[in-house]
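One structure is given below, encoded as C-alpha cells.
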Amino acid sequence: MTLQIGPHSVQPPVVLAPMAGITNAPFRTLCREFSGGKGLFVSEMITTRALVERDAKTMRLIHFDGTEKPRSIQLYGVDPVTVGKAVRMIVDEDLADHIDLNFGCPVPKVTRKGGGSALPYKRNLLRSILREAVGNAGALPVTMKMRKGIDDDHITYLDAGRIAVEEGVTAIALHGRTAAQHYGGTADWDAIARLKETVPEIPVLGNGDIWSAEDAVRMMRETGCDGVVVGRGCLGRPWLFGDLVAAFEEGGEGTYAQPTLREVARVMVRHAELLGQWLENEERGVIDFRKHVAWYTKGFSIGSELRKKLAITSSLDELDALLSELDLDQPWPIGADGPRGRTSGRNRVVLPDGWLDDPYDCAAVSADAELDTSGG
Ligand SMILES: Cc1cc2nc3c(=O)[nH]c(=O)nc-3n(C[C@H](O)[C@H](O)[C@H](O)COP(=O)(O)O)c2cc1C
C-alpha cells in the first residue's frame with residue numbers, strides 16, 4: 001500500500017502529524033529509527049512570517065538531519081503574499097521536499113484574528129493562500145491539513161477540499177474534529193470518508209484518535225482514506241511507528257510493542273541526548289525533554305517523588321541516575337496507550353466580529369494571527 005505525495009512514495013502510508021514543540025528533528029529521528037526510515041515525518045509548524053524574516057529559532061526548526069528524506073515542512077500563514085514568499089524561499093534555498101499548510105489551529109489567540117481553523121470559512125482567502133503556495137512551489141508538492149470546520153453549524157471541509165483540488169494541492173489531511181471540539185470527544189471518521197468521496201482526484205489522509213496500529217488499519221478500512229496521520233498516539237511512544245509499519249507491511253494488525261520500563265528508559269535518554277545535540281546544549285536539551293517524561297512513564301509504577309524529580313532534571317547524568325532508581329523490570333502497563341496529550345474540549349470558538357456573516361467576502365487576516373506557535 002503506497003501513498004503518493006507528488007514524487008514521493010510513502011510506504012506504508014503513515015505520517016507523523018506535525019506537533020508544535022514535539023516533532024522537531026530529534027523526535028522525528030527517534031520515530032524514523034523505529035520505523036526503519038519508512039513513513040513521512042512532518043516538521044512542527046513554521047510560521048511564514050518568521051521564516052521570511054529568518055528568525056533564528058525558526059531557522060533551527062527547519063533543520064533536517066542529513067538522512068531525512070523527504071524533508072517535510074509544515075507552514076502556517078494567513079497572508080497569501082507572505083505564504084508565497086515563504087514557499088519561494090524554501091524552493092530557492094532547497095530547504096525541503098514537501099510543504100504542508102496548516103489550517104487546523106484551534107487556539108483562541110489565533111482564531112480571534114481569523115487565523116488557523118477559522119480561516120477556511122473565508123473561501124476566497126483560502127483559495128488565494130493555496131494559489132500563492134502552489135504557484136511558488138515549483139516541483140514541490142503542497143498539501144494541506146485542516147479540521148472539519150469551525151463548529152457543527154459552520155462546516156468547511158468539503159468546500160475547502162474542492163478549492164484545494166482546483167488550486168492544485170497534492171493531498172489533504174483531515175482531522176475529524178471542528179475547532180469547537182478542540183481535542184475533546186471523538187474524531188469523526190465518517191467525515192474522512194465523505195472527504196474522500198468529494199475529492200477522489202487526490203489522496204486523502206485521515207487524522208484523529210489513532211492510538212494503535214490496529215486503529216490505523218481500521219481507519220483506512222472504514223473510511224477508504226489513502227493514508228493516516230498519527231499525532232498524540234506517538235507522544236512518549238515513538239515505537240508506535242514500528243507497530244504501524246509492521247501492521248501495514250505484514251498485515252499484523254495486532255502488532256503491539258510492549259517495552260519494559262528498562263527499554264522505555266533507554267529511549268528516554270536517547271531522546272534527551274538528541275534534543276541536547278540539536279540545541280547544542282545538554283542542559284537545554286534535558287529541560288526541553290521534561291515535557292515528555294509524563295508521556296513516557298504513563299502507567300508505570302514510579303512513585304510521586306521520583307516522578308516529580310524526573311520532571312525537573314537538567315542534565316543527562318541526573319536523568320540517568322533517577323531512571324536507575326526505578327524498578328526497571330516492570331512490564332509495559334497494559335492500558336497505558338490510550339489518549340494522551342491534549343484531550344479537552346471547548347465549546348465556543350472566538351472569532352473576529354462579523355466573521356461568519358459572509359463566507360465569500362474578501363477577508364484579510366492581520367499578521368498577528370501568526371504569533372501563536374502552539375499548533376493545530
Ligand atoms: C502538542 C500538539 C501540537 C500540535 N501542533 C500542530 C501543528 O503544529 N500543526 C498541525 O497541523 N497540527 C498540530 N497539532 C494537531 C495534530 O497534528 C493532530 O491533528 C491532532 O493531534 C489530532 O490527531 P491525533 O488524534 O492523532 O493526535 C498538534 C497537536 C498537539 C497535541
Side-chain angles (χ1 to χ4, degrees), residues 14-24 27-28 31 39-48 50-51 58 61-62 72-78 98-107 109-111 115-120 142-148 157 160 171-179 181-189 191-192 204-216 218-220 223 225 227-238 240-241 243-244 288 291-292 294-295 337-346 370-376:
V14 292
V15 179
L16 173 65
M19 287 186 282
I22 312 286
T23 60
N24 44 33
F27 190 70
R28 297 196 306 272
C31 292
L40 181 67
F41 303 85
V42 185
S43 80
E44 53 189 309
M45 117 191 164
I46 308 291
T47 61
T48 53
L51 182 62
T58 300
L61 292 181
I62 59 166
S72 178
I73 288 188
Q74 188 188 56
L75 292 180
Y76 166 63
V78 295
H98 160 229
I99 295 171
D100 184 48
L101 297 174
N102 178 6
F103 295 104
C105 186
V107 305
K109 237 196 298 182
V110 164
T111 58
S117 46
L119 196 147
V142 174
T143 60
M144 72 183 271
K145 178 165 175 285
M146 61 182 174
R147 287 182 177 241
K148 280 171 62 186
Y157 72 102
I172 306 177
L174 178 65
H175 177 190
R177 284 187 173 84
T178 60
Q181 284 177 287
H182 215 70
Y183 290 89
T186 45
D188 172 7
W189 289 8
I192 297 166
V204 167
L205 302 171
N207 172 231
D209 298 349
I210 292 177
W211 306 107
S212 67
E214 223 169 324
D215 289 341
R218 190 165 55 82
M219 179 191 272
M220 297 273 291
T223 68
C225 67
V228 294
V229 180
V230 187
R232 293 166 298 162
C234 297
L235 296 176
R237 289 194 310 150
L240 179 56
F241 262 86
D243 287 2
L244 289 164
D288 196 64
K291 65 177 124 180
H292 300 271
W295 295 321
D337 9 35
R340 49 190 55 230
R342 300 171 183 173
T343 51
S344 60
R346 183 164 289 151
E370 284 195 34
L371 289 184
D372 188 274
T373 53
S374 67

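Note that ligands are numbered from 1 as they come in the structure, with each ligand's atoms numbered from 1 the same way.
Checked against a 3.5 angstrom limit, the closest N/O atoms of Gly231 and ligand 1 fall inside it. Remark: ligand 1 and Arg232 share an N or O pair separated by less than 3.5 Å (distance only, no angle test). Remark: ligand 1 and Pro18 share an N or O pair separated by less than 3.5 Å (distance only, no angle test). Not a single N or O atom of Leu235, backbone or side chain, sits closer than 3.5 Å to an N or O atom of ligand 1. Considering backbone and side-chain N/O of Lys145, one or more are found under 3.5 Å from N/O of ligand 1.
Take Ala173 and apply the side-chain contact (heavy atoms from CB on, under 4.5 Å) test, not counting sequence neighbours, and it matches Lys145, Leu205, Val229.
Both the backbone and the side chain of Asp209 come within contact range of ligand 1, each with a heavy atom under 4.0 Å. Here Tyr76 has no heavy atoms under 4.0 Å from ligand 1, in either its backbone or its side chain.
In this structure, Gly233 does not count as a contact residue of ligand 1, since none of its heavy atoms falls inside 4.0 Å of the ligand.
Considering only heavy atoms from C-beta on, Glu44 comes within 4.5 Å of Thr23 through its side chain. Looking at Met219 and Asp209, their side chains never come closer than 4.5 Å, going by heavy atoms from C-beta outward.
Across Glu44, His175, Gln74, Met19, heavy-atom proximity to atom 9 (N) of ligand 1 is greatest for Gln74.
If you number the atoms of ligand 1 from 1 as listed, the ones under 4.0 Å from a heavy atom of Gly208 come out as 23 (O), 25 (O).
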